[in-house]
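So the structure is just underneath, and the comments pick up after that.
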Amino acid sequence: MKKTILTGILFSMITVVSAQNSAEKIIGSNEGLYIGGYGQIDFNLPTRDGSIHRNGTLDVHRFVTFIGYNFNEKTSFVSEIEFEHVSEVFVEQAFLNYRLENNMSLSAGLMLVPMGIQNLYHEPPTFNGVERTNVDKYIVPTTWREMGISLSGRSIQNSLNYKVMMVNGFNGYDGEGVFSGKTGLRSGRQKGAKSYITFPDFAARVSHYGYKGLNLGLSAYLGDSESTMYDGLDLSDDASVASADSTIIGIQMIGADARYKLGSLQFRGQYIVANLANTDQYNGKTNSDLASVIAGYYSEIGYNLLNSCETENELICFCRYENYNTHVETAGGLEINEDYNRTDITFGLGFKVAGGAMFKADYQILSNEGSEDKKGQFNFGTAIWF
Amino acid sequence: MKIVINISKVLIVTIGTLLLFSFSSVSWEEGKRDWKKINNSVDKIFGNADYNFIQFEIKQKNKFSKYYSIQKNDITIAYLITDKSPSKFHLFDYFVLCNTKSEIKKVTILNYREDYGGEICSYNWLKQFENNNANSSLEFKSKIDGISGATISINSLKNSVWFNTKNLKGFLGL
């Protein structure tokens, strides 16, 4: 059998001038520059708060350019440069990727932390609603990217993708406390801008896609936040060490998510919880109000109204219920602030006019447990990805 | 501060593990493995027998696509198409096996090069291509459900397979 194939290969190489009957030639090299991008342009219009008028805002919220380069079959560089609100420039990703095996690769540099759905899949046409979900903004917090190394791969037989990563932690203290009760860990992202590290943190994600239309994910993050107090610390000085120790937060974050798509119906849901240790000492040291548990979840259902029509366009109507609470539990007698227990109900339409281009419109009802009042907001936006 | 002391141990273990993986990758032989996958599929679908792959040219084709007739005793028993198609940052490699009527009997991903969208390698999902012989692009694509998180790769594969099999049909006068 094998001989015949080899003979066949040799035969075709001789008889067909253009024949290149070896897999190396079939596959060929894969060198070259790759340029792409995504973006979202938003118009947010809050409804009147009683007799109080609120202006709408128009914003080129984000525009991101991909620049990638394939050095050879195994080695590539990937980068994303982000312009946020026109004037803020960030490097969102910048890493070197090396394929160790066919289904396994090593990456090093500035990378997305694998937590939940939107931190990894945040290109605007991939999600419903003009804005990203607030669970992913206040609990995860997207776009969460840090410096480190990762190993990722897949098992096709078991329909599993996995990723493990070692990264620097959040900046929790740089002369003053960075975390807060309202925004949780969000302000502590170092984003690869002169990041510093005392404690390496670890992240991992596994997703399973074995059932038709269903994608299940489990994410975990474990580690301690960083503190500038450790730089130059005399380890023999117990008082200084104790003082520095009070400026870090132990973080255990776990997330579970599901996405289901079959025909015209689509569903997605996510739950994220983070247990934070040492918050009593941290709040005492920094005069902050960081909670010991923060959590959030959402559930969303969507339906493509054009599924049975003779078109590749999609008109998706959707509804999402979302709760995110950055004060689930507190330590050391800190009073729970019910204003931080927030609920959003969002419903709207997305008109996908091409694979990577979408017009969006939705209405959000925003409320929190600390108030009887509910706020409303219209959102209109364009979403692109190429 | 015990964690600070352990950081060096963590780095040593990590670097050691990565070095081990690096050495193991020396034995990676892409070409043989790809052909083995192709041969296994031909064996399963068209019977374990002696056959040759003869490449032929089609005028209108993708940059990387290659067309082969699979011949046994000088009689064509099937067709093989190999091609590259873009995922998010990279190109992935796949092959299609068709019978002599240009009906799709197998689609398999040979090499998928990036973390995102690897779900399209799923054998269960790829089965949706088999015997999908729709006459219009829209009907062809509508018969294949998407997977969340792999949108770009899925659309890319759908377009590429449709284009290649349509070309083969045209070449065969079907």
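Only this structure's heavy atoms are used, side chains among them; waters, hydrogens and symmetry mates stay out. Just so we're on the same page: letters track the sequence lines, and every chain starts at 1.
Atom OG in B:S122 sits 11.5 Å away from atom CG in A:N158 (nearest 0.5 Å). The CD atom of B:E119 sits 8.5 Å away from atom CZ of A:R154, with the distance rounded to the nearest 0.5 Å. Atom CG of B:N111 is separated from atom CZ of A:R99 by 5.5 Å, given to the nearest 0.5 angstrom. Here B:R113 contributes atom CZ and A:N103 contributes atom CG; the two are 12.0 Å apart, rounded to the nearest 0.5 Å.
Heavy-atom contacts from other residues, nucleotides or ligands closer than 6.0 Å to CG of A:D234 number more than 12. Residue B:K36 qualifies as open at atom NZ: its count of foreign heavy atoms under 6.0 Å is 12 or below. Residue-environment remark: NZ (B:K72) stays at or below the threshold of 12 foreign heavy atoms within 6.0 Å.
Only the side chain of A:E123 comes within less than 4.5 Å of a heavy atom in chain B; its backbone stays farther off. Contact annotation for B:K141: only side-chain heavy atoms (C-beta onward) come within less than 4.5 Å of a heavy atom of chain A. Heavy atoms of A:S105 lying under 4.5 Å from chain B belong exclusively to its side chain. For B:E114, the part lying under 4.5 angstrom from a heavy atom of chain A is the backbone only. For a residue to count as touching a neighbouring chain, one of its non-hydrogen atoms must lie under 4.5 Å from one of that chain's; by this rule B:S65 does not touch chain A. Looking at A:I67, there are no atoms closer than 4.5 Å to chain B (heavy atoms on both sides), in backbone or side chain.
In this structure, the side chain of B:Y123 does not engage the main chain of A:I156 through any donor-acceptor pair within 3.5 Å.
A:N215 and B:S148 share no donor-acceptor pair across their side chains, judged by distance under 3.5 Å alone.
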Check: When you look at B:L138 and A:E312, which way does the side chain to side chain contact (heavy atoms under 4.5 Å, CB included) test go after all the steps?
Finding: CA-CA 7 Å; B:L138 198 64; A:E312 287 190 43; 3.0 Å; yes
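Across B:T151, B:N155, B:D145, the residue that shares the most heavy-atom pairs under 4.5 angstrom with chain A is B:D145. Between chain B and the options A:Y209, A:Y34, A:Y260, the largest number of non-hydrogen pairs under 4.5 Å is found for A:Y209. Interface summary for chain A: among B:I147, B:I109, B:I152, the most heavy-atom pairs under 4.5 angstrom belong to B:I152. Contacts with chain B were tallied for A:S152, A:G68, A:S107; A:S152 has the most, counting heavy-atom pairs under 4.5 Å. When A:T126, A:L120, A:N307, A:L262 are compared by the number of non-hydrogen pairs under 4.5 Å with chain B, A:L120 comes out ahead.
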